[in-house]
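So you know, we letter chains A, B, ... as the sequences are listed, proteins then strands, and number each from 1.
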2 protein chains.
Amino acid sequence: MKPVMIGQLARETSTKVTTIRFYESIGLLRSAPRTASGRRTYDASDIERLHFIRNGRRLGFSVDEIRSLMGLAQNPDQDCGAASAIAAQHLKDVEERLAQLAVLRDELAMLSQSCTKARMADCRIMKAIGKGHPQADQ
Amino acid sequence: MKPVMIGQLARETSTKVTTIRFYESIGLLRSAPRTASGRRTYDASDIERLHFIRNGRRLGFSVDEIRSLMGLAQNPDQDCGAASAIAAQHLKDVEERLAQLAVLRDELAMLSQSCTKARMADCRIMKAIGKGHPQADQ
DNA sequence: GCTTGCTTCTACAGCGACTAGAGGTGGTAG
DNA sequence: CTACCACCTCTAGTCGCTGTAGAAGCAAGC
């Protein structure tokens, strides 16, 4: 019930103090009320909100997406179509990156396998990376 | 044989002009010799070098890794153990990211599936992201 | 009341790998 | 001669933080 200071909030949400201040500076968290000596104080709703942000980030949502989601939550009676659309789009993005990364991995695996422990000048890895033009000495 | 200007180099390597200048500024490309009027000129070896850089980047190597690889290539008689170590490490990193991303995808897929087209206030997606603390109104 | 040591404060710079823009010069084609 | 493009430099912005410097607040022990 009683308000906590920034360090306590940081501990409870596994967030760095500097990150909390950063979130405030970009308007993701409200401007926290201050004590007489200027220290930020937080209540239960701030903790909740920061949990939401951190979980959102952990799930790979951008700050802007999180901002949108929290904005949508302001209208509790609206249906959640917009929110689920954001989540669906994000899932699609992640799936795409996953596919790209898998291609990359295969390419790198081939590269690594091709190594014959040669001299640098004959290294297949170097040749593979340098491809695009056959080697022209000098 | 004849030297080319930056635009031509950009076209041949599918690189933006600004990126080429950026690579020069960070020492990834040499300081290109200039014409009388101050324009950069490039020869075949620059094209080759830039191909190497672009392919390396496409494969996800960091600029520093590329720098190291190109540095190693200066000693053509050394064996390529160091180069293949860089590649192997990078492959490992990619595999790790891939695994993390797969976990993320699964989590997001569950999230998306859980949507019941409810009011925002009852949205399961929002609740799942906000987890960490049960909702306390106000 | 003084010191110690932790927490908090502000303000700003830095990361990586570019990208974009402003504002200007050089060279050439019609 | 003028229009147009390619090129130049320099600076700032992107994203999501992280780290630093230097000052001040605050509780506890002596």
* What nucleic acid atoms does A:Arg21 come within less than 4.0 Å of, heavy atoms only: base, sugar-phosphate, or nothing? -> base
* Salt-bridge contact B:Asp122-B:Arg119 (side-chain N to carboxylate O under 4.0 Å) -> yes
* With heavy atoms under 4.0 Å as the rule, sort B:Arg11 into base, sugar-phosphate or nothing. => nothing
* To do: Round to the nearest Å and state the distance from B:Met5 atom CE to D:dC8 atom P.
  => 8 Å
* Asked: So what does A:Phe61 touch, heavy atoms closer than 4.0 Å: a base, only the sugar-phosphate, or nothing?
  -> nothing
* Asked: Charged N to carboxylate O below 4.0 Å: is that the case for B:Asp64 and B:Arg67?
  -> yes
* Check the distance between D:dG16's P and A:Arg58's CZ and give it to me in whole angstrom. => 17 Å
* To the nearest Å, give me how far apart NZ (A:Lys16) and C1' (D:dT20) are. => 13 Å
* Asked: Is there a donor-acceptor contact under 3.5 Å linking the side chains of A:Gln8 and A:Arg11?
  -> yes
* Asked: When the nearest nucleotide of DNA chain D is assigned to B:Gln8 and to A:Thr18 on a heavy-atom basis, which residue is associated with the more 5' position?
  -> B:Gln8
* To do: Figure out the CZ/P separation between B:Phe22 and D:dC10, and round it to whole Å.
  => 16 Å
* Asked: Is any NZ, NE, NH1 or NH2 atom of the basic residue among A:Arg30 and A:Asp43 found under 4.0 Å from an Asp or Glu carboxylate oxygen of the other?
  -> yes
* To do: Check for a donor-acceptor pair, side chain of B:Arg57 on one end and backbone N or O of B:Phe61 on the other, with a separation under 3.5 Å.
  => yes
* To do: Check every strand shown and say whether B:Arg54 touches a base, only sugar-phosphate, or nothing at a heavy-atom separation below 4.0 Å.
  => sugar-phosphate
* Asked: When the distance from CG of A:Asp64 to P of D:dG16 is rounded to whole Å, what number comes out?
  -> 7 Å
* Of the nucleotides C:dC9, D:dT18, D:dC8, which one has an atom closest to the side chain of A:Arg40? -> C:dC9
* Structure fact -> Here the distance between atom P of D:dG16 and atom CD1 of A:Ile53, to the nearest Å, is 12 Å
* **Closest to side chain of A:Arg34, choosing from D:dC7, C:dC9, D:dT9** => C:dC9
* Asked: At under 4.0 Å between heavy atoms, what does B:Ser62 touch on the DNA or RNA strands: base, sugar-phosphate, or nothing?
  -> sugar-phosphate
* **First of B:Tyr23 and A:Tyr42 reached from the 5' end of DNA chain C, by closest nucleotide** => A:Tyr42
* Atom pair distance, as rounded to whole Å: CD1 in A:Ile6 and P in D:dA24 -> 20 Å
* Starting at atom CG of A:Leu9, determine the distance to atom P of C:dT7, rounded to an integer number of angstrom. => 15 Å
* Asked: Between D:dC26 and A:Ser37, is there an OP1 or OP2 to side-chain N/O distance shorter than 4.0 Å?
  -> yes
